[in-house]
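Written below as C-alpha cells is the structure these notes are about.
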Amino acid sequence: MNFWHMQLHPDNSSLGQEKDILKKTKLIGIGIWEDPDEDKIQERKFAKQMKVGDVVAIKRGGTIIALTKVVGECEFEENIDRDLDWFQRRRKVEILDWYSEEYGYYIAPTAALTRCNMAFNDSVRTNESIKKWYEKVMIDSDINKVINLLKYKHQVILQGPPGTGKTRLAKLVAERIAQPENKGSSGQLIDNLIQSFDVDNSEAKFEREKRQQLLSSFYKTFPKEKINDLTLESYCIGTGENNSFCWWIERGLQSLGYYFPGSSLSYKIYWSKAKDVYSKHGFVKDIEDDELAMTMVAETIHDLVNNHNTEQAFERFGNSFVLKVLQSYYPEKYFPINSETAIDNALKLLKSYDESLSLLDKNKKLTEIYLDKKKQFNSEITKHEFARIIWDNFDLKSGQDLTQSNEVKAQGKYEIIQFHPAYTYEDFVRGIVASSDEGNISYHVENKKLAEIAQEACDNPNGNYVLIVDEINRANLPSVLGELIYALEYRGESIQTMYEYNKSRDIKLPKNLYIIGTMNTADRSVGHIDYAIRRRFAFYNVLPNVNVVKNEEARRLYNEVMELFDNPYLSSDFDANDVRIGHSYFLTSNEDMSDEDFILELRQKLKHEIKPILYEYIKDGILLDSAKDFVDDLNV
C-alpha cells in the first residue's frame, strides 16, 4: 500500500466545491498542464505508480478535504460531461473519511501529486499525518463494526492471535458506547412516552390487578387500625420469615413504590442472626426491654398511619421509610417514589423542582403533575404507570441524566475484568461470602461484577453499560455463566438464580448492558467455547496489521517474522491467522523517541518478547522444528 497526497482542482469548480463534487462522483483525477513535461510526470504517477488499494489524501491548496482509497484502475475519457465526470484522466475511489480541523494533521500544500516517503517529499510530517489519519480511520472502522455487532447481538468476542490489540479495541469500543449522549428535551420525551403507553394492553392490566392483590393481602395482614398491636415476631425482618411488617415494606410491596433505599437499620429493630438477638437502633437503641422498644416503634407507626403524625415519624425514622408506609396505606394520596433524592430528580426532570418545599409537599407535587398530564393527554394511565415511565427511562437515583438545560444526557460506564481457570459463578454473578462482626462469623449473599453492573444498567436505562471480559475462554464458561446463558439471549427477562439476594432470586440482563470478551486464538491450553455459548455471541476477528507498523526497520522485522507462518515452517494443524503474532510486538512505547532509542527498544522486544513466544510455538508444535534456525537468525 502506498500513501499519496494530491491537489484536486477540477477545471469547472471554484474553491469550496471540491467536497461536494467528490461526494457526488467519488472520482479523483488530474487535468492537463500547459507544460507537457509536467503533464507526463503527473500522468505517469497517476496511471502507473498509483495502485488499487493505495490511500490518497485530497487537498485544495492549504485546505485538506478527505482521505480516500483507490478502488479503480486509471481511465481516460476523451469526451466527458464535466458536470458529471469531472476529469478526463480519473480513478474511482472510496471515501474513507472527511477531514475535520480537530484532527490537526499537516499536509504540505505544494505538489499536485506526491507519493509519501519519496526523497523529494519536503515533509516527513505530511507522511506521518496521512498514516496517522489512515490508522484512525481503520480503528474507527473496527470500532463501528464491533458496535454494530453489539447492537445486533449484545455480546461479542474479539478473537485473534496475541499482540493484535484485542483488549485495546474492546476499551475503545466501550468508551465510545458509554460516552455521554444527549437524548433531547426531557419534557418532550416524557410526553411521547405517556402518549405511546397502551393502557389497555394485557401486561398493564395484569400489573394493576397484581398491585391491588398485594395491597389487599397487606391490609388483611396488617390493618391500619391494629398497627399498635405489632409484636417483635410480626414486625421484625431478619428471622427468615417472609411475612413480617418490615418484609412487606421492603420486599412484598416493592413494586408499589420505586426505590426504597432502606436497610435493616431503617426499621430500628431487626433480628440479627449473627448475634442471635434483636438489634435495636435510633430512638430505641438504649431501651433494654425488647418488648418495650417494640411497643414504642408500633405506637409511632400507628400514630403516623392513623393520625398522620408525620413530624414525630420523621424524627424517629428515615424519610424513605415514612414515605413508603404512607404510600402503602394511602396510594391514592402519595406518589410511589420513596427516596428524597429520586423525588428531587423527578421534579427537576419535570421542571417543577422547588427547594423550599418540604418532602411531603414535593411528593404531593408529583401527584399534581401526574393528574395534569393525565388530563392533558386524556389518558387513563395510572399513577404507578406514570411513575414507572419516568423511573424506567431516566436515572432518578443519581440524576446523571439531567442537565441545566433540561435535556436528558445519558451517561454510561464500562468495566473490565479478566477470567482465569479458577473463576466461578460465585466470582462473576452472585455468591456467598463470609464476614466477621465482633468475632462472630456470618454468611451472606453478595452480587458480583456481572450482577452489579446489570443492576446499574437497570437503574439507568438511558445510559449504555459495557462489561469487558478479558481472556474470556480461560474460564469454564458454562459453569461461570450458569442460568445466565438464557439471560444473554432473552434480555430484559428476569430469571431465577441459585442464590437469594435481598429476598429475591431474580436477576436480569437489560438491553443497555453489552458484554465484550477477548479470546487469544493461539492459546490451546484453555478450553474452547461450546456451541451453546457460541450461539449467544458474535465473533469478530482482530488480526495483525502491518500498516500500523510505521518504522521501516520494525516493518522489515515484522515481514520477516510473518514468513514463519507460511509453509514450510507452520504445522498443518494450525491456521496462520490463529497464531501469527500481532503488530503490537513491533510498536514503540513512545512515538516521539529517537530512531536510536527505537532500535534499542526493538532489540529488547525481539530478545525478550518476540523470540520467546516463537520458541514456545516450536515447543508446542505450532511451528515445526525447522523454524528454530530461522528464529535464531532474526536480528535488528
For the pair Arg491 (side chain) and Pro510 (backbone), establish whether a donor and an acceptor sit closer than 3.5 Å, ignoring hydrogens and angles.
-> yes
By side-chain contact (heavy atoms from CB on, under 4.5 Å) - contacts of Asn148 (at least two apart) = none
Qualifying residues under side-chain hydrogen bond (donor to acceptor under 3.5 Å, both in side chains), relative to Gln455, sequence neighbours excluded = Asp459
Does Glu452 pair with Lys448 as a salt bridge, N-O distance under 4.0 Å?
-> no
Which atom pair, heavy atoms only, marks the closest approach of Val173 to Ile143?
-> CG2-CA, 3.9 Å
Examine the side chains of Tyr540 and Asp142 and answer whether a donor and an acceptor come within less than 3.5 Å of each other.
-> yes
Does one side chain, of Gln159 or Asn541, offer a donor that lies under 3.5 Å from an acceptor on the other?
-> yes
Is the backbone N or O of Glu355 less than 3.5 Å from a side-chain atom of Lys362, with the two atoms forming a donor-acceptor pair by type?
-> no
Might you work through the side chain to side chain contact (heavy atoms under 4.5 Å, CB included) test for Asn512 and Tyr465, ending with a clear yes or no?
-> CA-CA 6 Å; Asn512 60 326; Tyr465 289 74; 4.1 Å; yes
For Glu609, enumerate each residue passing the side-chain hydrogen bond (donor to acceptor under 3.5 Å, both in side chains) test, keeping only those at least two apart in sequence or located in another chain.
-> none
Salt-bridge criterion met for Glu493 and Lys508 (N-O under 4.0 Å) = no
Value rounded to 0.5 Å, distance of NZ in Lys51 from CD in Gln49 | 8.5 Å
Do you know which two heavy atoms are closest between Val636 and Ile599, and how far apart they sit?
-> CG1-CG2, 3.9 Å
Answer yes if the ring centres of His583 and Phe586 are under 6.0 angstrom apart, and no otherwise.
-> no
First locate atom CZ of Arg536, then atom NZ of Lys153, and finally report the distance between them rounded to the nearest 0.5 Å.
-> 8.5 Å
Ile58 backbone acceptor or donor facing His5 side chain under 3.5 Å = no
Could you tell me whether Asp523 and Arg474 make a salt bridge, using a distance below 4.0 angstrom between a side-chain N and a carboxylate O?
-> yes
Of the non-hydrogen atoms in Lys171 and Ile416, which two are nearest, and what is the gap between them?
-> CE-CD1, 3.9 Å
To the nearest 0.5 Å, how far apart are CD in Gln7 and CD1 in Ile65?
-> 8.5 Å
Do Glu135 and Asn547 have side chains that get closer than 4.5 Å, going by heavy atoms?
-> no
Do Arg556 and Asn559 have a side chain donor and acceptor closer than 3.5 Å?
-> no
With the side chain counted from C-beta on, respond yes when Lys132 and Tyr105 share a heavy-atom pair under 4.5 Å apart, and no when they do not.
-> yes
Is Asp140 salt-bridged to Lys136, cutoff N-O under 4.0 Å?
-> yes
Beyond-backbone contact of Lys45 with Ile41, side-chain heavy atoms, under 4.5 angstrom = yes
Taking Tyr617 for the side chain and Pro612 for the main chain, is one N or O donor matched with an acceptor at less than 3.5 Å?
-> no
Measure the NZ-CG distance between Lys166 and Leu158 for me, rounded to the nearest 0.5 Å.
-> 8.5 Å
Residues Asn577 and Pro161: closest non-hydrogen pair is O-CD, 3.2 Å
Looking at Lys373 and Asp191, does any basic side-chain N land under 4.0 Å from a carboxylate oxygen?
-> yes
Hey, is CG on Asp354 packed in by over 12 heavy atoms from elsewhere, all under 6.0 Å?
-> yes
Distance col, row Asn345:CG vs Glu340:CD, nearest 0.5 angstrom, shows 11.0 Å
Donor-acceptor contact below 3.5 Å, side chain Thr164 vs main chain Leu543 = no
Residue pair Trp391 / Ala342: nearest heavy atoms and the distance that separates them | CZ3-CB, 3.8 Å
Face-on cation placement of Lys348 at Tyr353 ring, 6.0 Å and 45° thresholds = yes
Does Ile64 reach the side chain of Trp133, with side-chain heavy atoms less than 4.5 Å apart?
-> yes
Decide yes or no for Phe386 and Ile194: does some side-chain heavy atom of the first lie under 4.5 Å from some side-chain heavy atom of the second?
-> yes
Flag the pair Ile190 / Ile390 as yes when at least one side-chain heavy-atom distance between them is below 4.5 Å, and no otherwise.
-> yes
Side-chain heavy-atom pair Asp97, Tyr134 within 4.5 angstrom cut-off | no
Is any NZ, NE, NH1 or NH2 atom of the basic residue among Glu94 and Lys69 found under 4.0 Å from an Asp or Glu carboxylate oxygen of the other?
-> no
Start with the C-alpha distance between Asp470 and Ile417, add both sets of side-chain angles, then the distance that settles side chain to side chain contact (heavy atoms under 4.5 Å, CB included), and finish with yes or no.
-> CA-CA 6 Å; Asp470 204 25; Ile417 60 173; over 6 Å; no
Looking at Phe428 versus Phe419, is the centre-to-centre ring distance below 6.0 Å?
-> yes
Give the C-alpha distance, both sets of side-chain angles, the deciding distance and a yes or no for side chain to side chain contact (heavy atoms under 4.5 Å, CB included) between Phe537 and Ile472.
-> CA-CA 12 Å; Phe537 280 84; Ile472 193 170; 4.2 Å; yes
Residue pair Asn144, Ser141: steps toward the side-chain hydrogen bond (donor to acceptor under 3.5 Å, both in side chains) verdict | CA-CA 5 Å; Asn144 291 331; Ser141 175; over 6 Å; no
Pairwise side-chain contact, Phe46 with Cys74, heavy-atom cut-off 4.5 Å (strictly under) | yes
For Met50 and Val56 the tightest heavy-atom approach is CE-CG2, 3.9 Å
Just do the side chain to side chain contact (heavy atoms under 4.5 Å, CB included) check on Thr588 and Asn551 with the steps written out, would you?
-> CA-CA 9 Å; Thr588 64; Asn551 181 274; over 6 Å; no
Keeping the roles fixed (side chain from Ser352, backbone from Leu347), state whether a donor-acceptor pair exists under 3.5 Å.
-> no
Backbone N or O of Ala66 within a donor-acceptor pair of the Lys59 side chain at under 3.5 Å?
-> no
Determine, for Arg91 against Glu75, whether the closest basic-nitrogen to carboxylate-oxygen distance falls under 4.0 angstrom.
-> no
Separation between CE of Met6 and CD1 of Ile28, rounded to the nearest 0.5 Å | 5.0 Å
